[in-house]
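So the structure is just underneath, and the comments pick up after that.
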There are 2 protein chains.
Amino acid sequence: MDQLHLQNQLCFPLYALSRQMTALYRPYLDKLDLTYPQYLVMLLLWQHERLSIKEIGCELWLDSGTLTPLLKRMEETGLVSRVRCLQDERIVHVQLTKDGKLLQKKAIGIPDHIFSELSISNSQLKSLKKELSDILRKLEKK
Amino acid sequence: MDQLHLQNQLCFPLYALSRQMTALYRPYLDKLDLTYPQYLVMLLLWQHERLSIKEIGCELWLDSGTLTPLLKRMEETGLVSRVRCLQDERIVHVQLTKDGKLLQKKAIGIPDHIFSELSISNSQLKSLKKELSDILRKLEKK
DNA sequence: TTTTTATTAATTGTGCACAATCTAATTTTG
DNA sequence: CAAAATTAGATTGTGCACAATTAATAAAAA
């Protein structure tokens, strides 16, 4: 019966910490008029010139039901443009506008702020990140 | 600039794994007509006879804007009853109905199923849970 | 005791998440 | 080629999350 105690679940601290982490980002992201999932999309687009919705979804593990309206909001706020591919009209390419590219300058300090607020060692951070990513990779194969 | 790469963020695997974990629970919870946050509420109420919404919120780190409608849905499906406290009418007490108590029998196997699907060692599970809980506790103080 | 301040829920509004379904375009097969 | 299957994205509907506001009650202070 102990297995059904909240304190014995892995899932719960994962769920709670995930939400608290996005709460930690919120004050910084509010200044950029970004939500946390939108910030993740921006991270991807600062790395890759152009991505399809499908590709963004694969990276972030999100489906079109989430991404389509999210990207439309980001288009409305002027951060990205959405262009249907000419060669294959099923595909929508997403890329940053000039404003979207410029926003990177304002975001540059965020990871350091978050890291200092977490007050854990760099090595613990890395090992934790690796553990979580390993589990994630295992689940991916199913 | 590397700090702004998706792969270098702790927050992202945390966010993605948290969602994948609830996806792992979904098939089992569907059979009980529960969502994942509802399951967390049930875990609490299987442990504690009666809790106020405030107390549930403290345990799960959720506010009334989330819990009020969630608990109303659970009341509609007949799992819990919501009773305003007579001594202090600001407080709403939540407790299980007979059906709610009986549902524990059907849930008893879930943690084992999840554990086996995760295919990680018991010791890794425990240390990971501890690490996450420690960080969570640190954030709590702010 | 009246006034002020705290606390507890409920409400409203926005933005995810995700299942399920649909449409249109492309690829594969026969 | 034409029919069938697959793929990419959009749409719809439900259920969280959470900020901000409101209402009701209780406790504390003047």
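Here is how names work: the chains are called A, B, and so on, in the same order as the sequence lines, proteins then strands, and each is numbered from 1.
- Rounding to whole angstrom units, CG of residue A:Leu29 and C1' of D:dA19 are separated by 15 Å.
- Of the two residues contacting DNA chain C, namely B:His93 and A:Leu86, the nearest-nucleotide position lying further toward the 5' end is that of B:His93.
- Across the protein-nucleic acid pair, A:Asp30 atom CG and C:dG15 atom C1' stand 13 Å apart, rounded to whole Å.
- In terms of position along DNA chain D, the nucleotide closest to A:Lys54 lies nearer the 5' end than the nucleotide closest to the other residue of the pair A:Lys54 and A:Gln20.
- Atom pair A:Asp63:CG and D:dA8:P shows a separation of 13 Å (rounding to whole Å applied).
- Counting to the nearest Å, the C1' atom of C:dA9 and the CZ atom of B:Arg82 are 9 Å from each other.
- With hydrogens and angles ignored, the 3.5 Å screen pairs no side-chain donor or acceptor of A:Ser18 with any backbone N or O of A:Tyr15.
- In this model, a side-chain donor or acceptor of B:Arg90 finds a partner on the base of D:dT25 within 3.5 Å.
- Using a 4.0 Å heavy-atom distance criterion, A:Thr22 is classed as making no nucleic acid contact.
- For the pair A:Met74 CE and C:dG15 C1', the interatomic distance rounds to 13 Å; values are reported in whole Å.
- Of the candidate nucleotides C:dT8, C:dC18, D:dC18, C:dC18 has the atom lying nearest to any side-chain atom of B:Arg19.
- For A:Ile53, whose side chain is taken as the heavy atoms from C-beta onward, the closest listed nucleotide among D:dA19, D:dA10, D:dT25 is D:dA10.
- Listed nucleotides: C:dA25, D:dC16, C:dA9. Nearest to the side chain of A:Glu89: C:dA25.
- Residue A:Leu62 has its side chain nearest to C:dA17 when only C:dC16, C:dT8, C:dA17 are considered.
- Interface remark: the B:Thr68 side chain does not form any donor-acceptor pair with the C:dA9 base, using a distance-only criterion of under 3.5 Å.
- Not a single donor-acceptor pair under 3.5 Å links the side chain of A:Glu59 to the backbone N or O of A:Glu55.
- Formation of a donor-acceptor pair under 3.5 Å by the B:Gln9 side chain with backbone atoms of B:Gln3 is found in this model.
- In terms of phosphate contacts, A:Gln87 brings no side-chain nitrogen or oxygen within less than 4.0 Å of OP1 or OP2 of C:dT26.
- Both distances falling under 3.5 Å, in either a Watson-Crick or a G-U wobble arrangement, occur for no nucleotide opposite D:dT25.
- Note on A:Arg26: every side-chain N or O is 4.0 Å or more away from OP1 and OP2 of C:dG15.
- In C:dA17 the base sits anti relative to the sugar, since the glycosidic angle is further than 90° from 0.
- Considering only the side chain of B:Asp88, D:dA26 comes nearest among C:dC16, C:dT26, D:dA26.
- Not a single donor-acceptor pair, N or O on each side, falls under 3.5 Å between the base of D:dA8 and the side chain of A:Ser64.
- The residue among A:Val92 and A:Tyr15 whose nearest nucleotide of DNA chain D lies closer to the 5′ end is A:Val92.
- For D:dT14, the OP1/OP2 oxygens have no side-chain nitrogen or oxygen of B:Thr35 closer than 4.0 Å.
- Which of C:dA19, D:dC16, D:dG9 sits closest to the side chain of B:Leu70 comes down to D:dC16.
- Under a 3.5 Å cut-off, the side chain of B:Ser119 and the backbone N or O of B:Ser116 do not form any donor-acceptor pair.
- Rounded to an integer number of Å, the gap from OH of B:Tyr36 to C1' of D:dA17 is 15 Å.
- Closest to the side chain of A:Pro37, from the set C:dC16, D:dG15, C:dA10, is C:dC16.
- One can place CZ of B:Arg84 at 15 Å from P of D:dA23, the figure rounded to the nearest angstrom.
- Relative to the ring axis of B:Tyr28, B:Arg26 does not place its NZ or CZ within 45° and under 6.0 Å from the centre.
- As a whole-Å value, the separation of A:Leu71 CG from C:dG15 C1' is 13 Å.
- Other residues, nucleotides and ligands place no more than 12 heavy atoms under 6.0 Å from the NZ atom of A:Lys54.
- Across every strand in view, C:dC16 sits in a pair with D:dG15 that passes the Watson-Crick or G-U test at under 3.5 angstrom.
- Side-chain contact check for B:Leu17 versus A:Leu14: some heavy-atom pair is nearer than 4.5 Å.
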